[in-house]
Amino acid sequence: MNKIPSNIMALASSTSNKRETVCIFGTGDFGRALGHKLIQCGYPVVFGSRSTQTSNLIPKDAEVLSHAEAAQKAAIIIIAIQRQHYNFLAPLAENLHGKVLVDISNNLKINQYPESNAEYLAQMVPGAKIVKAFNTVSAWALQSGTLDASRQVFVCGNDMEAKQMVMDIVRALGLMPLDQGSLLAAQEIENYPLRLFPMWKFPILLSLGLTTFFFFYCLIRDVIYPYVYENKDFSFFIAISIPNRICPILALILLALVYLPGVLAAIIQLYRGTKYRRFPDWLDKWMLCRKQLGLVALAFASLHVVYTLVIPIRSFVRWRIISHTVSEALNNKTEPLDTTNAWLSDSYLALGILGFFLFVLLGITSLPSVSNNVNWREFRFVQSKLGYLTLVLCTAHTLVYGGKWFLSPSSYRWYLPNAYMLSLIIPCIVLVVKFVLIFPCLDKPLTQIRQGWERNPQYSE
Amino acid sequence: MNKIPSNIMALASSTSNKRETVCIFGTGDFGRALGHKLIQCGYPVVFGSRSTQTSNLIPKDAEVLSHAEAAQKAAIIIIAIQRQHYNFLAPLAENLHGKVLVDISNNLKINQYPESNAEYLAQMVPGAKIVKAFNTVSAWALQSGTLDASRQVFVCGNDMEAKQMVMDIVRALGLMPLDQGSLLAAQEIENYPLRLFPMWKFPILLSLGLTTFFFFYCLIRDVIYPYVYENKDFSFFIAISIPNRICPILALILLALVYLPGVLAAIIQLYRGTKYRRFPDWLDKWMLCRKQLGLVALAFASLHVVYTLVIPIRSFVRWRIISHTVSEALNNKTEPLDTTNAWLSDSYLALGILGFFLFVLLGITSLPSVSNNVNWREFRFVQSKLGYLTLVLCTAHTLVYGGKWFLSPSSYRWYLPNAYMLSLIIPCIVLVVKFVLIFPCLDKPLTQIRQGWERNPQYSE
Amino acid sequence: MNKIPSNIMALASSTSNKRETVCIFGTGDFGRALGHKLIQCGYPVVFGSRSTQTSNLIPKDAEVLSHAEAAQKAAIIIIAIQRQHYNFLAPLAENLHGKVLVDISNNLKINQYPESNAEYLAQMVPGAKIVKAFNTVSAWALQSGTLDASRQVFVCGNDMEAKQMVMDIVRALGLMPLDQGSLLAAQEIENYPLRLFPMWKFPILLSLGLTTFFFFYCLIRDVIYPYVYENKDFSFFIAISIPNRICPILALILLALVYLPGVLAAIIQLYRGTKYRRFPDWLDKWMLCRKQLGLVALAFASLHVVYTLVIPIRSFVRWRIISHTVSEALNNKTEPLDTTNAWLSDSYLALGILGFFLFVLLGITSLPSVSNNVNWREFRFVQSKLGYLTLVLCTAHTLVYGGKWFLSPSSYRWYLPNAYMLSLIIPCIVLVVKFVLIFPCLDKPLTQIRQGWERNPQYSE
């Protein structure tokens with residue numbers, strides 16, 4: 001039960017004493033941890049070991065027997081042994097006939113062996129019922145009881161009854177079993193704990209690369225240029241001003257990169273006149289990490305918002321305003337309100353606020369629990385309609401912000417345009433192409449193609 | 001397995017080759033997409049079609065046979081045909097006897113037919129085991145592999161074993177089956193993909209209406225009035241100043257509307273002296289969309305926060321402060337610190353911050369994954385106690401903000417009071433009535449009524 | 001189906017009429033509410049009652065019979081009676097033989113009785129199949145249809161088939177059954193609805209205590225001291241300035257307290273040379289509420305951010321800046337830009353922004369739906385690596401903020417150091433110890449110990 005803290009758990013289960021014996025082969029760390037936990041939850045535990053000397057590491061209440069003897073004591077045997085040593089089970093095949101063997105092993109690399117450890121175990125002991133489980137739980141977490149992270153235990157196996165028995169044990173330990181179907185799922189389950197954000201690698205590397213590029217670009221324009229030409233030390237721009245240039249640029253580029261593959265796919269489909277040919281591999285991969293790209297873009301947008309809101313607190317900005325005011329006062333002049341300027345300033349802020357607001361909405365709907373509660377029609381509405389609206393608002397925000405400086409020569413230092421101009425290239429391309437694709441003369445054939453129509457049927461696979 | 005990206009998925013499952021044959025009736029777009037995916041996951045696929053010519057659209061590895069022949073090859077038959085053509089299955093009844101028929105059809109409108117498609121199929125082929133599944137998955141998503149949205153597949157059927165077989169296939173395709181019970185659930189499952197945020201319609205329409213009203217109200221007071229009387233062009237207020245008036249007003253009104261129906265229900269129950277009579281329909285509907293009303297209110301509150309924080313960056317505000325400072329300097333006077341003013345300004349800001357903070361907490365607890373992890377007692381504590389505290393803080397924020405201007409004649413332009421005064425009406429009514437309802441003389445009978453007591457038992461249905 | 005609003009639900013299920021009869025023992029409030037709902041969903045309902053007079057509170061379509069007669073009409077009997085009256089079921093044992101009895105009772109206190117109500121019922125009626133269910137649903141919610149909160153219904157029982165029957169009814173009522181295994185889980189299920197954020201008690205009490213302490217500490221330094229020595233009234237600091245001192249202090253201290261127990265545990269393990277001895281109880285409890293501590297810290301950090309961003313809007317701050325500017329103008333002097341100051345100001349802001357950004361990331365990954373989607377390796381990476389980075393950034397933020405005042409005598413009022421200096425003690429200790437623990441001479445034995453190695457095997461339990 002994933003919502004009852006384990007301390008209450010322990011209390012509750014300690015009242016029971018009719019659990020059936022569980023056998024554990026192997027007295028390594030995970031075997032002992034599982035044994036401890038099982039005893040704590042009221043299960044009699046028997047260890048099967050090569051040397052039957054009771055080590056003082058093994059829980060006192062547990063018996064230690066030879067493998068063959070231990071196997072006879074229980075219907076369920078947990079194999080807490082590494083895959084390399086599974087062959088020792090072959091001679092025990094007779095003792096293990098009809099038993100439920102629980103494979104809890106993990107590998108060191110993804111897809112390390114051609115078949116999963118559980119399937120390998122099934123080959124070794126053909127007469128047993130193999131169930132894969134517990135491999136996603138750490139020994140440390142089991143023992144310390146601090147199961148903050150996932151309490152999910154993936155379970156798979158070909159024998160329904162055996163699976164049910166193991167799932168009951170999983171539940172009794174305060175964990176949540178998830179039936180993953182037959183033993184074919186074992187390989188996925190074994191690969192699962194080895195992942196480290198595989199889908200995030202590309203978006204993060206890409207944004208690191210872009211960040212580095214734009215950092216040096218802005219450094220040259222905003223720090224080195226004034227130092228060389230005006231001998232002013234603006235090195236402190238590195239802390240806030242330059243990050244606050246990089247963040248919106250990256251947010252905008254990455255957001256555009258979320259929608260670019262969809263536009264490319266539409267062009268490819270229109271050109272080929274069919275949807276039945278695979279996209280190139282790079283496009284497929286790109287499409288699969290759009291969600292991650294979008295979330296990284298949202299992170300940069302959020303940083304941009306905080307960096308911007310912090311502006312009036314910055315000591316440099318206060319100094320600039322105060323010295324500007326003082327000089328005005330000393331010159332005895334008061335500037336009148338420039339309405340155009342007020343319009344520009346307010347509207348780029350308003351566009352940015354609305355764009356960010358929609359962006360956060362997109363982020364919230366991509367939370368697993370929220371996106372699981374919407375259907376395809378709703379998901380497509382949010383991610384496509386609202387997504388494009390976000391891109392339009394953010395691009396307009398940047399355009400209005402920079403508006404008046406586009407053609408001003410003072411904004412080209414060493415022939416380098418302002419960095420935000422570079423950031424506008426991809427979003428503008430995406431929006432223009434998307435706008436063209438909306439025209440009926442292109443939208444109609446595209447819709448037909450996506451519904452299965454083909455221009456040249458011989459093209460199909 | 002919903003947490004393993006589909007590319008790893010495909011790799012893993014391609015190692016298997018002992019899947020059992022699946023038959024698909026119909027070679028339309030969804031049938032072919034499902035066939036492709038099944039083959040990719042290692043299932044032998046047979047298509048049943050009127051014309052047995054192998055179209056090149058059909059995956060190469062699949063056989064195409066007549067319906068009767070195809071049905072014999074597999075225990076599971078997926079019916080990828082529209083409901084209107086189900087009657088052609090009647091003559092095949094003998095061939096389909098004992099088979100598992102998977103109904104994957106969808107309708108165009110909610111509750112289009114008196115009985116669900118799956119139940120209609122069951123009437124057509126009485127000897128078969130009907131399972132409803134796959135209707136929430138899109139062909140496009142299946143084919144492109146970009147299952148970003150929900151991987152949930154609702155499954156229902158009267159035969160447990162048949163349902164289990166279909167759920168195993170669903171899992172093998174990398175999707176997550178959700179058992180919805182007997183075939184009676186089919187109608188709900190068929191209605192599910194047709195929804196487009198039905199619960200959000202009323203809150204969004206209401207807030208659009210209120211937004212329009214308050215926009216023109218503020219436009220008249222803040223832009224047209226100064227233009228007419230002082231000939232000042234404040235049209236740029238449309239970008240930020242006016243939205244920043246509308247947002248807090250709507251947030252406060254909508255938040256009060258979340259708690260108004262509860263108060264009304266209490267009054268009705270007290271008046272009737274029983275809880276066993278149904279509330280009027282409008283009140284029932286209102287109560288059902290309180291969560292959505294609250295979230296829309298939170299959205300407006302968030303916008304208000306950002307609009308407010310952006311104030312010091314606005315070019316107009318900077319100009320106003322600078323010109324004020326310059327005029328003070330030129331007049332050679334320095335204003336002393338007005339402590340009352342500092343108190344008022346700081347306390348309405350503090351009230352607003354705390355109110356918004358609690359509001360965000362309420363929003364977080366309404367995330368599906370969080371609210372699933374709290375019990376009723378905790379949920380009621382958060383949504384009722386913290387909710388009313390939020391309303392009190394936000395109302396106090398508005399009262400303190402406007403405090404000194406309530407009676408000032410200068411705040412009535414063309415006899416129109418300031419917009420925030422209008423926004424206080426509903427919250428104040430709700431809070432006063434709630435406060436009255438807390439008195440023991442009303443709270444005690446109300447609690448009794450809610451526990452089932454009745455003043456006039458003849459009232460009950 | 002948890003995502004279909006109950007009004008559609010009712011519509012859909014009203015089409016069915018082949019449900020099997022359900023019997024309810026007891027005509028109290030919850031029994032009647034469940035009866036109403038069951039009839040609404042198409043189940044024929046029979047009430048078993050001592051007095052068979054049809055009260056007009058009981059739904060019209062339901063029959064009311066004696067217990068024995070009612071029991072014969074249905075295979076499933078819902079026991080809507082309090083535990084104290086269960087003994088009246090003993091004489092009915094014969095009538096109840098083989099029936100499915102659903103225990104829906106709740107207690108008033110956690111672990112009120114030695115055995116759960118469901119197990120007590122099983123002792124009373126040994127021949128029946130007991131299933132625990134429905135105790136987490138409120139009568140009020142069932143009747144009003146406003147199931148905003150959790151639709152989860154925990155179900156447990158020893159008989160698989162009986163459990164399945166009850167779960168089908170749960171689903172038909174629009175709720176989501178969760179199989180919790182055998183009847184041993186009943187006690188936990190009965191304790192569940194009585195909880196009121198048990199894991200949050202310690203973090204919230206601790207932070208309340210610290211808040212009170214620091215409030216009076218800051219009150220003395222920032223309000224009373226200037227009042228006594230300079231006769232200045234800064235009482236309005238209570239609204240924003242003092243909260244904005246307390247919030248970052250608490251955020252930093254609580255964040256450090258999240259990582260302190262881990263460091264203490266490592267020291268204890270190194271000292272003992274084994275991981276097989278239990279930690280002291282206080283450390284265990286502390287480790288179990290780290291997530292809650294972290295989230296409270298995040299709440300304080302968020303408040304700090306908003307309080308800080310609101311600074312330039314505060315009337316006091318505007319007055320201070322304006323009067324400073326005016327005095328500069330009147331004195332005819334312009335301060336040059338202090339680059340060191342600009343560096344310090346910008347870098348503590350930047351450190352704070354990055355620290356807060358990572359903190360929010362940590363908060364998002366602790367949402368149940370997100371943390372369920374990461375494996376242990378990913379969870380540990382985020383919570384440990386990113387967590388320590390957050391602590392480093394936030395500590396550095398505070399150090400740079402206070403930097404130049406550490407040794408300034410003016411910051412010691414009545415010998416009291418600035419409050420933020422106190423807040424640095426625990427984080428610095430944690431970071432220094434953690435830094436020491438990273439050295440290979442300590443890290444290597446620690447890793448060995450955590451993998452099961454022991455220095456003095458006789459120490460083990």
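The sequence lines fix the lettering, A, B, ..., with proteins before strands; numbering per chain opens at 1.
Contact tally against chain A (heavy-atom pairs below 4.5 Å) for B:Ala239, B:Ser369, B:Pro368: the top residue is B:Pro368. Ranked by non-hydrogen atom pairs under 4.5 Å with chain A, the options B:Pro193, B:Ser302, B:Ala329, B:Pro177 are led by B:Pro193. Between chain A and the options B:Ile238, B:Asp168, B:Leu309, the largest number of non-hydrogen pairs under 4.5 Å is found for B:Leu309. Per-residue counts of heavy-atom pairs under 4.5 Å with chain A were compared for B:Phe237, B:Tyr307, B:Phe197; the largest is that of B:Phe197.
Residue contact with chain A, scored on non-hydrogen atoms closer than 4.5 Å, is absent for B:Arg320. With a 4.5 angstrom heavy-atom cutoff, B:Ile321 does not touch chain A via any of its atoms. For A:Val310, no part lies under 4.5 angstrom from a heavy atom of chain B. For chain B, no part of A:Ser116 is nearby; none of its heavy atoms comes within less than 4.5 Å. Of the atoms belonging to A:Leu361, not a single heavy atom falls under 4.5 Å from chain B. Using a 4.5 Å cut-off between heavy atoms, A:Val360 makes no contact with chain B at all.
With a 4.5 Å cut-off on side-chain heavy atoms, A:Trp343 and B:Ser235 count as touching. Side chains of A:Glu378 and B:Pro198 form a contact here, defined as non-hydrogen atoms less than 4.5 Å apart. Counting heavy atoms from C-beta outward, A:Asn375 and B:Thr136 have side chains that stay 4.5 Å or more apart.
Of the options B:Phe234, B:Phe316, B:Phe236, a side chain to side chain contact (heavy atoms under 4.5 Å, CB included) to A:Thr339 is made by B:Phe236 and by none of the others.
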